[in-house]
Engineer: 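Structure incoming, see below.
Treat the numbers as computed from the prediction; the structure is a model and nothing was measured. Residue numbering restarts at 1 for every chain, and letters A, B, ... go by the order of the sequence lines.
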2 protein chains.
Amino acid sequence: MEERSGPSTIVDVARAAGVSVATVSRALRGLDRVSPDTREKVRRVADELHYVASPTATSLASGRTRIVGVIVPFVSRWYFASMVSAIGKALRERDYQVLLFDLEQEVFGERLTLTRTMLWKRVDGVISINIPMSPEELELLSGLHVPVVSVGHHLDDRSSVGIDDSAAARTAVAHLLELGHRDIGYIGAAIESSALNETPRSRMAAAIAAMAAAGAPVRPEWVLSSDWTAENARDLAHRLLTAGGDRPTAIVCGSDEMAFGVHVAAQELGMRVPVELSIVGIDDHPLAGLFSLTTVRQDIRGQADQAVTLLLDELVTAGNVGSHSIDEDRRLTVATELVVRGSTAAIRR
Amino acid sequence: MEERSGPSTIVDVARAAGVSVATVSRALRGLDRVSPDTREKVRRVADELHYVASPTATSLASGRTRIVGVIVPFVSRWYFASMVSAIGKALRERDYQVLLFDLEQEVFGERLTLTRTMLWKRVDGVISINIPMSPEELELLSGLHVPVVSVGHHLDDRSSVGIDDSAAARTAVAHLLELGHRDIGYIGAAIESSALNETPRSRMAAAIAAMAAAGAPVRPEWVLSSDWTAENARDLAHRLLTAGGDRPTAIVCGSDEMAFGVHVAAQELGMRVPVELSIVGIDDHPLAGLFSLTTVRQDIRGQADQAVTLLLDELVTAGNVGSHSIDEDRRLTVATELVVRGSTAAIRR
DNA sequence: CTGAAAGCGCTTACAG
DNA sequence: CTGAAAGCGCTTACAG
């Protein structure tokens, strides 16, 4: 009769199936206490009416949105983009949606209000990708009263997943040491603006420690701070390689993108890679193959899956939110792996 | 009295301010017909109570979610990631949120259900970035009954914004012709799997037409199909440059990433760029500077802003959704611009 | 196994 | 300018 009166609601289905809305709700959500016949009929009717429950009404009634807020400093860089992609995939498989918060070009201070107002009552949980936070920001996050897991660094005493940055850097250095290198440079120390970020510091510190432990010289002028872009790394490498006096025979970079920059610098200076200069990165960026870059691969998918699992676990264990049991190990580490390509070689005697 | 009884609701504010919830609603949303004093008081009380309206309740009551679904084939590639970022920024400035749908690694057929179930009643509008759609998918999108604007290609007779792919390709070719090149190759024709996508075809066709129009030879064996990755382009360039017989003196690539691949191939073959080979791309990718790549820049931010403006316009004009007035020009084109760097040079006589 | 009813937290005519 | 009340479309005890 009433064919076209807008999208159908649960009431339409109930009426057409000759049952109550409560029964429709139960039947469609697969709850128990519904007779097989009823369930079958409700399903059929719902199908015919192209019924899909209104997520908005469901959220209001149930108190859960089935949406997870994903916060990234910038989606336009490879690590973040692929992490967002992988997290979205994992979330979707569990019937959750991604509300994306890209802080790119946001003024630092404004993130506060942003976080609170925009996530407030909107999401069941939050995944924060490599975003260092001030105490105030952390407090605001807490005020959301939803589980939070961070990826790529630790936030407070919350759950987190990431690679072991120190181990990754050690792996890179160890590879060079095995090839006989002793004069090793490092590009990718933290610059001030990212001072809150652990990753640059951890990788650099571990690289230096590994060199020192092997008795290799650690020269301060060979350890360079970078903004982590390829171009900046190219400039730094230029300077490092043309400074006069000794040169390193190998350079470890905190990320593949910086390694690309070093690679280009070497070429511009007419140095052959790896014969005259070995280069190692960290990441295994999609373009690493193009540069034949030896690198320490990090498993994005693995990290994303773990992060989603952790978050959904906490979602289930909800109610006692806020009272994290720190004793359980909620800081997961996903293994990295050395990928040897053509940018490293044994040192020439 | 009742300090900690969970986040405050509109009722709490009304009670504390001594007015009705209707008045709170009006006051806080800046509607007219509220006395300045009342408004002021409500605002103050709301502030004290840290009140933020529940988006979920607002949506159910108002019928608008203030969420826009953004669909991309893969977020992990530069063009898409930066487009998502820019769109998110533009949307946020207008108080809309982004629900991200990343189709990466989804089976083509499954996108259908996905689209319907996940966007259904969830979003006020949709922005689709470069996703070719089958008639069935288009129909499903229509069934959502919300405005849709596409970026990077046309969808049906809906609104869209993008660059003029043909013009971009012509610009690239014209630049080479001016430098005296006549033996020009092209990498980036469409491969079968992306057959539905206009961009590769438009760029290639326009490039070829421009060459032909200038009386330059168009050799089928110099026009290569690619999957648009850097590595594939490298392989193709290798073959093209080592095929024996004549070689092109310049290569136009459908994207910067492919140009990177060609650049590396040239180097591997010991050809100097640009002296022995000129290379032009399209995009102005963040790494273009690293490769000193001459390219045709596309304005991501500009396109994103236009797309958001178009969409929000249609949102306002809603009610008559479905009856698009095709007469208005709803296909916006954002200008491109030649950026000359070091990968192109006048041909040697 | 099923239904009636309250409730989720807002917005929106409708009165006044 | 302001309030009482209905309504948005579900879920969830509570009865039966």
Side-chain angles (χ1 to χ4, degrees), chain A residues 2 5-43 45-46 49-67 95 117 120-122 124 145 318-319, chain B residues 2 5-43 45-46 49-67 95 117 120-122 124 145 318-319:
Chain A
E2 34 175 7
S5 59
S8 48
T9 70
I10 198 173
V11 173
D12 300 326
V13 178
R15 192 145 36 199
V19 297
S20 72
V21 296
T23 298
V24 173
S25 176
R26 291 188 203 105
L28 259 24
R29 283 182 301 147
L31 298 189
D32 45 346
R33 312 276 211 81
V34 177
S35 80
D37 286 2
T38 307
R39 191 188 303 277
E40 175 52 29
K41 176 197 273 175
V42 170
R43 282 203 173 128
V45 171
L49 266 44
H50 299 300
Y51 171 72
V52 175
S54 155
T56 239
T58 300
S59 297
L60 184 57
S62 70
R64 324 197 126 277
T65 60
R66 293 202 81 85
I67 292 178
D95 258 316
T117 309
W120 185 244
K121 290 179 184 168
R122 258 217 150 117
D124 290 346
H145 298 296
Chain B
E2 31 174 10
S5 59
S8 47
T9 72
I10 198 174
V11 172
D12 300 326
V13 178
R15 192 145 34 199
V19 298
S20 72
V21 296
T23 298
V24 173
S25 176
R26 291 189 201 103
L28 260 23
R29 282 183 301 149
L31 298 188
D32 46 346
R33 312 278 212 78
V34 176
S35 81
D37 286 1
T38 307
R39 190 188 302 278
E40 175 52 30
K41 176 198 274 174
V42 171
R43 283 202 172 128
V45 172
L49 266 45
H50 300 299
Y51 171 72
V52 175
S54 155
T56 238
T58 300
S59 298
L60 183 58
S62 70
R64 324 199 124 279
T65 59
R66 292 201 84 83
I67 292 179
D95 258 317
T117 308
W120 185 244
K121 289 179 184 168
R122 260 220 150 115
D124 289 346
H145 298 296

Engineer: Rounded to whole angstrom units, what separation is found between the CZ atom of A:R33 and the P atom of D:dA15?
Structural biologist: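 My rounded result for the distance is 14 Å.
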
Engineer: Give a yes or no on whether the backbone of A:T65 and the side-chain of A:R122 come within a donor-acceptor separation of less than 3.5 Å.
Structural biologist: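 The answer is no, because no donor-acceptor pair under 3.5 Å joins these two groups.
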
Engineer: With no hydrogens and no angle check, is any side-chain donor or acceptor of A:T56 less than 3.5 Å from a backbone partner on B:S59?
Structural biologist: no

Engineer: Can you name the closest pair of heavy atoms from B:S20 and B:A14 and give their distance?
Structural biologist: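 Taking every non-hydrogen atom into account, C-CB, 3.8 Å.
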
Engineer: First locate atom NZ of A:K121, then atom OG1 of B:T9, and finally report the distance between them rounded to the nearest 0.5 Å.
Structural biologist: 7.0 Å

Engineer: According to a strict under-4.0 Å criterion, is B:T23 in side-chain N/O contact with OP1 or OP2 of D:dG3?
Structural biologist: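 Yes, B:T23 has a side-chain N/O under 4.0 Å of OP1/OP2 on D:dG3.
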
Engineer: Is A:R26 reaching over with its side chain to a backbone N or O of A:R33, donor-acceptor style, under 3.5 angstrom?
Structural biologist: no

Engineer: Output the distance between atom CG (A:D12) and atom CZ (A:R15), rounded to the nearest 0.5 Å.
Structural biologist: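 With rounding to 0.5 Å, CG (A:D12) is 6.0 Å from CZ (A:R15).
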
Engineer: Could you spell out the base pairing of DNA chain C in dot-bracket, with Watson-Crick or G-U pairs whose two distances are under 3.5 Å, [ ] crossing and | to another strand?
Structural biologist: |||.||||||||.|||

Engineer: At under 4.0 Å between heavy atoms, what does A:S59 touch on the DNA or RNA strands: base, sugar-phosphate, or nothing?
Structural biologist: nothing

Engineer: Once each nucleotide of nucleotides 7-14 of chain D is scored for protein heavy atoms under 4.0 Å, what B/S/- sequence comes out, 5' to 3'?
Structural biologist: BBBBSBB-

Engineer: Nearest 0.5 Å please: distance from the OG atom of A:S54 over to the CG atom of A:L60.
Structural biologist: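 Rounded to the nearest 0.5 Å, the OG-CG separation comes out at 9.5 Å.
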
Engineer: Within this structure, what is the CZ-OG1 distance for the pair B:R64 and B:T58, rounded to the nearest 0.5 Å?
Structural biologist: 13.0 Å

